[in-house]
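Working notes for the structure below.
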Amino acid sequence: MADITNQSLNEIIENVKTKKVSSTELIKAYVKNIESAKKLNAFVTTTFDQALDKAKQFDNKPNFDQLLPGIPLAVKDLFCTENTKTTAGSNILNNFIPSYESTVTKNLWNHGSFLLGKLNCDEFAMGSSNETSHYGNVINPVGDQLVPGGSSGGSSSALAADLTPATIGTDTGGSIRQPASFTGTVGLKPTYGLCSRWGIVAFASSLDQAGPMTKTIKDCAIMLEAMSGFDEKDSTSINKKKEQYSKNLKDNIKGLKIGIPKEYRVDNMPKEVDELWEKGKKILKDLGAQLIDISLPHTKYALPTYYIVAPAEASSNLARYDGVRYGYRSKQGKDLIEMYEKTRSEGFGDEVKRRILIGTYVLSSGYYDAYYLKAQKVRQLIKKDFDDSFKKIDAILTPSTPSSAFKIGEKTNDPVSMYLNDIFTVPVNLAGLPALSMPAGVDKQGHPLGLQLIGKALDEQKILNIGYAFEKNCGFKNKIKKWWS
Amino acid sequence: MSLDKEKIKHVAKLARISVDEAKVESLTKDLNSIFKFIEQLNELNTDKVEPLTSILNQSLRSRKDEISDGKIREKILKNSPKENEEFFVVPKVVE
């Protein structure tokens, strides 16, 4: 049959179910793609032999009633995978082989899929361009000089280049939605607590959330359904009935109220971003939705708040990397303290060190009130902005990012300009809400741009439905030429 | 507020990260630009605002204090950089 790897996950599943393609054929097609795409540097580890065994097992005794029957999936290298190296993009975990499986990946495997490999990411998910990984930059399939976004940059690159039918990432401040926007793909950050954090290498525990990255909205619904669910091993996991997001997907959005926040604009924002936002509004309006102007007055304080809360939590979470129980240990260091200091200095990259130092400082004696407590108060105000608005609307439409993918090296010398890339995505994490980035068009260079739909807590179905209706009427088509093979 | 090199060395000590003397200069510059950005928050009066400590409208669950696994010493020691039979090994601490 024609190249199966450029189809959507949903189409591939249908082809497996109707026996037009076997799981073994599927994996062979992806292995071929992956081997010819080494230039993209999307993979840190591949698990082809293991995947081929699983595919053969599936083909010998297929179960087509599962959500992901015989589907190979590559995942971000932040998810612990039993007996498969898990690096989190860091040198300090360059030899770490977990003896356990993260809940989210286990859920995916329980629905019939299996691991194809581990995808590159910014070190400990700290970055917006996949340039902080110890395992090298990932390239955006859209253009050989472009970053794929971050931190889930290996995920977005692999997905857009047909190296995996769908994937998962993690999103602490935009790490799923921004790379999705940069590659013309769909990315969803679920409500905090919907997907278990157990077995995911921790960055900032009050913000981290795993979510799907896919080619279509329908695929996104399928993946979310498979990966989400209550987990008693995560104390912040929400105990609620499982939803059938894909079965309940509807494209009727008549009468829904869509909020348009006036604060989602930045200086020097390319006019294409504004035009695209207008186009998005028009599409939703034509489909019968009602547009309502809203104000989220504390939006500009979201990033400064984030850069206190996230590093503070990271400095605590990353204290565990001490060279004693697992991971890298420095050969230097004459006593225990010096061994810790050398191990952490050699094991962590510059961006991770910067954030640990910021976090240590804002939590240190005498500064806690001025920084951390202050940030928690502003976080309350940011959440209240959303709570107030959602009393009168169903969802919010904004651009996903203030620009399309930038060039490799363009922002690496200025941390603050890099951070500004997450200006539209960070508020959602601070408020714990679900948000979807969907491809909507291209800028004048032909690089993809996304629009973001923000929902109420646990209202994933509604934003997926709006996205589904939008997708059918937007006519976006990702035109990636396979220059790398 | 600005961070000087001494302060940064002190924080690095607290974080147990040794910092290359040659890198202190650029680190100081980067951290100061980040703090300048962060300190925009001081424009806001938050005297009457309660800090947000949980975004979920639920308190953390507690579980029964029971052993749910065990006998996994080998698995736990498997990833250690240096071990000796049943223990993690670190540089000598007590003379």
Side-chain angles (χ1 to χ4, degrees), chain A residues 95-99 192-193 206 232 235-236 238-239 298 300-301 303-305 307-308 315 319 322-329 333-342 344-345 348 353-354 356-358 360-361 364 371 373-381 383 414-416 419 430-432, chain B residues 1 3 7-8 10-20 23 26-27 30-31 33-63 68-69 72 74-83 88-93:
Chain A
N95 53 6
F96 177 58
I97 300 173
S99 56
Y192 183 78
S206 80
E232 62 180 17
S235 61
T236 58
I238 297 173
N239 194 351
H298 297 92
K300 73 174 264 211
Y301 300 107
L303 266 180
T305 302
Y307 276 97
I308 295 174
S315 74
D322 57 6
V324 173
R325 291 152 303 152
Y326 45 79
Y328 171 82
R329 179 189 290 197
K334 55 185 185 310
D335 58 23
L336 186 61
I337 301 287
E338 215 179 284
M339 188 278 280
Y340 290 151
E341 290 177 343
K342 295 284 179 201
R344 289 164 64 79
S345 179
F348 292 136
K353 283 185 216 173
R354 265 200 291 270
I356 291 175
L357 294 181
I358 296 168
T360 306
Y361 181 69
S364 66
Y371 292 107
L373 192 67
K374 179 86 186 179
Q376 280 185 308
K377 288 179 170 188
V378 181
R379 189 173 178 185
Q380 185 81 274
L381 296 173
K383 182 172 183 291
D414 182 359
V416 173
Y419 298 169
L430 291 168
Chain B
M1 206 234 44
L3 286 159
K7 187 94 212 170
I8 281 168
H10 173 67
V11 175
K13 194 86 197 159
L14 292 176
R16 297 276 186 265
I17 294 176
S18 72
V19 179
D20 215 346
K23 279 194 169 175
S26 67
L27 196 57
D30 286 346
L31 291 186
S33 81
I34 295 166
F35 272 92
K36 191 171 158 239
F37 178 68
I38 286 173
E39 284 167 4
Q40 286 178 70
L41 295 189
N42 295 335
E43 297 165 23
L44 281 174
N45 182 337
T46 51
D47 291 350
K48 287 181 185 150
V49 182
E50 281 295 308
L52 186 145
T53 49
S54 164
I55 43 171
L56 295 167
N57 291 322
Q58 62 178 44
S59 48
L60 296 185
R61 283 185 318 278
S62 55
R63 58 166 173 80
S68 58
D69 56 9
I72 53 168
E74 242 174 70
K75 277 186 169 184
I76 289 170
L77 284 168
K78 198 184 71 173
N79 275 297
S80 66
K82 202 173 178 191
E83 86 273 8
F88 296 112
V89 175
V90 296
K92 198 161 149 187
V93 180

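In what follows, every chain begins at residue 1, and chains take the letters A, B, ... in the order their sequences are listed.
Looking at A/K374, its side chain does come within 3.5 Å of a backbone N or O of B/L44 through a donor-acceptor pair. Checked by atom type and distance alone, the side chain of A/R344 pairs as donor or acceptor with a backbone atom of B/A15 at under 3.5 Å.
Proximity to chain A is absent for every atom of B/D69, based on heavy atoms less than 4.5 angstrom apart. In this structure, chain A has a heavy atom under 4.5 Å from the side chain of B/V93, while its backbone stays farther away. Contact of A/S206 with chain B is made through the backbone alone, with heavy-atom distances under 4.5 Å.
Contact tally against chain A (heavy-atom pairs below 4.5 Å) for B/I76, B/I34, B/L77, B/L27: the top residue is B/I34. With chain B as partner, the option from A/D335, A/I97, A/V378 having the largest number of non-hydrogen pairs under 4.5 angstrom is A/I97.
The shortest distance between side-chain heavy atoms of B/L14 and A/Y361 does not fall below 4.5 Å.
When the salt bridge (charged side-chain N to carboxylate O under 4.0 Å, His left out) test is applied to A/E338, the partners found at least two apart in sequence or on another chain are A/K334.
Heavy-atom minimum distance, B/F88 versus A/V324: CD2-O, 3.6 Å. When every heavy atom of A/R329 is checked against every heavy atom of B/V89, the shortest pair comes out as NH2-O, 2.6 Å.
From A/E341, atom CD reaches atom CD1 of B/I17 across 9.5 Å, with rounding to the nearest 0.5 Å. The distance from atom OG1 of B/T46 to atom NZ of A/K377, rounded to the nearest 0.5 Å, is 4.5 Å. Of the inter-residue distances, the one linking B/H10 atom NE2 with A/T360 atom OG1 reads 10.5 Å to the nearest 0.5 angstrom. To the nearest 0.5 Å, atom CG of residue B/L52 and atom NZ of residue A/K383 are 6.5 Å apart. Note that CD of A/Q380 is 8.0 Å distant from OG1 of B/T53, once rounded to the nearest 0.5 Å. Between A/I308 atom CD1 and B/F37 atom CZ the span is 10.0 Å, to the nearest 0.5 Å.
In the displayed structure, B/K78 atom NZ is contacted under 6.0 Å by more than 12 heavy atoms of other residues, nucleotides or ligands. Enclosure of atom CD in B/E74 is not indicated, since only 12 or fewer non-hydrogen atoms of other residues, nucleotides or ligands lie within 6.0 angstrom.
The side-chain contact (heavy atoms from CB on, under 4.5 Å) test with B/L41 is passed by exactly one of A/Y307, A/Y301, A/Y371: A/Y301.
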Start with the C-alpha distance between B/R63 and A/E232, add both sets of side-chain angles, then the distance that settles side chain to side chain contact (heavy atoms under 4.5 Å, CB included), and finish with yes or no. CA-CA 9 Å; B/R63 58 166 173 80; A/E232 62 180 17; over 6 Å; no
